[in-house]
Colleague: 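Would you mind keeping the following structure in view while I ask a few things?
Scope of the values below: all heavy atoms of this structure, side chains included, with no hydrogens, waters or symmetry mates.
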Amino acid sequence: GIAGVNVTAPHKFNVMKYLDEISDLAEKFGSVNTVVNKNGKLIGYNTDANGFYRSLLYEGIEVRDRDILIIGAGGATQPIAVLFALEGAKSISIKNRTQANADRLAEYVEKNTGFKISTHPELKKYDLIINTTSAGMFPDVEGCPMDDFSFVDGNTAAADMIYNPEQTVFLKRAGERGAKTVNGLGMLIFQGIIAYELFTGTKLPQNAYEIIKKEVFGK
């Protein structure tokens with residue numbers, strides 16, 4: 001009798017085997033975070049990647065024809081890398097502590113999209129740098145996934161999936177170099193909006209993001 005559920009780590013992959021149907025995009029992403037109960041039929045979706053993408057677009061940050069550096073190769077990275085490949089990124093590079101995980105992710109994205117990802121970042125400049133790791137998240141607020149910010153400037157955008165604290169060390173240091181910065185609150189809200197619309201079949205108003213941000217988070 002429920003409309004559906006949200007699924008969080010570490011169950012986003014394992015839940016897929018229990019579902020009756022999986023959306024084409026979630027299949028490509030290789031993970032499900034939203035399950036909709038449609039008359040007893042369980043259908044899996046992934047709202048994380050689109051939620052993050054919409055948060056970037058809302059802030060005026062484009063992905064198409066952009067050089068993108070993603071820090072981290074965990075479960076949160078895969079759907080985003082796949083989506084950015086499908087949305088026409090110029091290049092995607094992955095920087096990760098464990099090289100084997102970065103290589104595995106690159107293989108997965110190429111297999112599912114045909115897009116080749118670099119796991120040995122070589123560009124001197126990137127249009128967009130994204131932190132998908134937990135470095136800097138409460139309570140490890142002093143953590144930072146990068147040491148060298150010399151290649152960051154006013155033409156760079158830096159995005160973090162973390163929203164507690166509001167400004168991580170990563171965003172602070174990127175901002176000091178002139179980069180436009182975006183934290184993870186937008187992703188949290190937008191993925192919730194997408195999930196709500198899937199659960200209810202109801203389209204929320206255009207300004208739903210602003211309303212939620214103000215009334216729920218006081219921002």
Colleague: Enumerate, atom names and distances included, each donor-acceptor pair closer than 3.5 Å involving a side-chain atom of residues 136-151, sequence neighbours excluded.
Modeller:
residue, atom, partner, partner atom, Å
Asp148, OD1, Ser150, N, 2.9
Asp148, OD1, Ser150, OG, 2.7
Asp148, OD2, Ser150, OG, 3.3

Colleague: Using atom types as modelled and distance alone, determine if a side-chain donor or acceptor of Asn207 lies under 3.5 Å from a backbone N or O of Glu210.
Modeller: no

Colleague: Could you walk me through whether Asn112 and Glu27 pass the side-chain contact (heavy atoms from CB on, under 4.5 Å) test, one step at a time?
Modeller: CA-CA 9 Å; Asn112 285 274; Glu27 195 84 66; over 6 Å; no

Colleague: Going from OG on Ser55 to CD1 on Ile61, what distance comes out if it is rounded to the nearest 0.5 angstrom?
Modeller: 7.5 Å

Colleague: Within the structure provided, determine whether Val32 and Ile22 are in side-chain contact (heavy-atom separation under 4.5 Å).
Modeller: yes

Colleague: Applying side-chain contact (heavy atoms from CB on, under 4.5 Å) to Val169 and Arg173, what does each step give before you reach the verdict?
Modeller: CA-CA 6 Å; Val169 173; Arg173 291 190 63 185; 3.9 Å; yes

Colleague: Apply salt bridge (charged side-chain N to carboxylate O under 4.0 Å, His left out) to Glu21 and list each qualifying residue two or more places apart in sequence or on a separate chain.
Modeller: Lys41

Colleague: When you group the ILVMFWY residues by side-chain heavy-atom contacts below 4.5 Å and let the links chain together, are Met187 and Val182 in the same group?
Modeller: yes

Colleague: Can I get a per-line list of side-chain donor-acceptor pairs under 3.5 Å for residues 7-19, giving both atom names and the distance, sequence neighbours left out?
Modeller:
residue, atom, partner, partner atom, Å
Lys12, NZ, Asp48, OD2, 2.6

Colleague: Around Lys125, counting heavy atoms of other residues, nucleotides and ligands shown, do more than 12 lie under 6.0 Å from its NZ?
Modeller: yes

Colleague: Mind checking whether Leu56 and Leu128 have side chains closer than 4.5 Å, heavy atoms only?
Modeller: yes

Colleague: Would you check if Ile130 and Leu69 make a side-chain contact, meaning some heavy-atom pair closer than 4.5 Å?
Modeller: no

Colleague: In this structure, are over 12 heavy atoms from other groups packed under 6.0 Å from Tyr196 atom OH?
Modeller: no

Colleague: Which atom pairs, donor and acceptor, lie under 3.5 Å between side-chain atoms of residues 84-92 and protein residues at least two apart or in another chain?
Modeller:
residue, atom, partner, partner atom, Å
Glu87, OE1, Tyr53, OH, 3.4
Ser91, OG, Asp67, OD1, 2.6

Colleague: Indicate if Leu185 and Leu171 have the same hydrophobic cluster label, given that clusters are the connected sets of ILVMFWY residues with side-chain heavy-atom separations under 4.5 angstrom.
Modeller: no

Colleague: Are the side chains of Pro79 and Phe52 in touch, meaning some heavy atoms are under 4.5 Å apart?
Modeller: no

Colleague: When Asn96 is tested against each of Leu105, Ile71, Asn101 for side chain to side chain contact (heavy atoms under 4.5 Å, CB included), which residue passes?
Modeller: Asn101

Colleague: So how far is it from Phe29 CZ to Tyr108 OH, rounded to the nearest 0.5 Å?
Modeller: 9.0 Å

Colleague: Checking Asp103 now: which residues fulfil side-chain hydrogen bond (donor to acceptor under 3.5 Å, both in side chains) with it, not counting sequence neighbours?
Modeller: Gln99, Thr119

Colleague: Show me the pairs that pass side chain to side chain donor-acceptor pair (under 3.5 Å) and involve residues 70-82, at least two apart or across chains.
Modeller: Thr77-Thr132, Gln78-Arg104

Colleague: What distance do Asp20 atom CG and Lys38 atom NZ have between them, rounded to the nearest 0.5 Å?
Modeller: 12.5 Å

Colleague: Kindly write out the residues that satisfy salt bridge (charged side-chain N to carboxylate O under 4.0 Å, His left out) with Glu110, not counting sequence neighbours, or none if the list is empty.
Modeller: none

Colleague: Can you list everything that forms a salt bridge (charged side-chain N to carboxylate O under 4.0 Å, His left out) with Glu197? Sequence neighbours excluded, please.
Modeller: Lys203

Colleague: Please list, chain by chain and in numerical order, all residues satisfying salt bridge (charged side-chain N to carboxylate O under 4.0 Å, His left out) with Lys124, sequence neighbours excluded.
Modeller: none

Colleague: Verify the cluster assignment for Ile68 and Val109: are they in a single hydrophobic cluster under the rule of side-chain heavy atoms below 4.5 Å apart?
Modeller: yes

Colleague: Of the non-hydrogen atoms in Asn37 and Gly1, which two are nearest, and what is the gap between them?
Modeller: ND2-N, 4.4 Å

Colleague: Does anything in residues 199-219 form a ring pair (Phe, Tyr, Trp, His ring centres under 6.0 Å)? List the pairs, not counting sequence neighbours.
Modeller: Tyr58-Tyr209, Phe190-Tyr209

Colleague: What distance separates Ile94 CD1 from Ile70 CD1, expressed to the nearest 0.5 Å?
Modeller: 4.0 Å

Colleague: Taking all non-hydrogen atoms of both residues into account, name the closest pair between Thr34 and Ala195 and its distance.
Modeller: OG1-CB, 3.9 Å

Colleague: Should Asn155 and Asp127 be marked as a side-chain contact (heavy atoms from CB on, under 4.5 Å) after you check the CA-CA gap, both sets of side-chain angles, and the distance that decides it?
Modeller: CA-CA 7 Å; Asn155 295 315; Asp127 300 302; 5.9 Å; no

Colleague: Cut-off 3.5 Å, no hydrogens considered: what does the side-chain donor-acceptor table look like for residues 156-167, sequence neighbours left out?
Modeller:
residue, atom, partner, partner atom, Å
Thr156, OG1, Asp153, N, 3.1
Thr156, OG1, Asp153, O, 3.3
Thr156, OG1, Asp153, OD1, 3.3
Asp160, OD1, Asn131, ND2, 3.1
Asp160, OD1, Ile162, N, 3.1
Asp160, OD2, Asn131, ND2, 3.3
Asp160, OD2, Thr168, OG1, 2.8
Glu166, OE1, Lys219, NZ, 2.6

Colleague: Might you work through the side-chain contact (heavy atoms from CB on, under 4.5 Å) test for Asn46 and Leu25, ending with a clear yes or no?
Modeller: CA-CA 7 Å; Asn46 185 303; Leu25 211 46; over 6 Å; no

Colleague: If a pair satisfies side chain to side chain donor-acceptor pair (under 3.5 Å) and one of its residues is in residues 175-185, list it, with sequence neighbours excluded.
Modeller: Lys172-Glu176

Colleague: Are Ile43 and Val35 connected into the same hydrophobic cluster when the rule is that any two of I, L, V, M, F, W, Y join if their side-chain heavy atoms are below 4.5 Å apart?
Modeller: no

Colleague: Hey, are the side chains of Asn33 and Gln191 touching, using non-hydrogen atoms and a 4.5 Å cut-off?
Modeller: yes

Colleague: Donor-acceptor pair, Ser118 side chain versus His120 backbone, under 3.5 Å?
Modeller: yes

Colleague: Can you find a pair of side-chain heavy atoms, one from Ile189 and one from Val216, that are under 4.5 Å apart?
Modeller: no

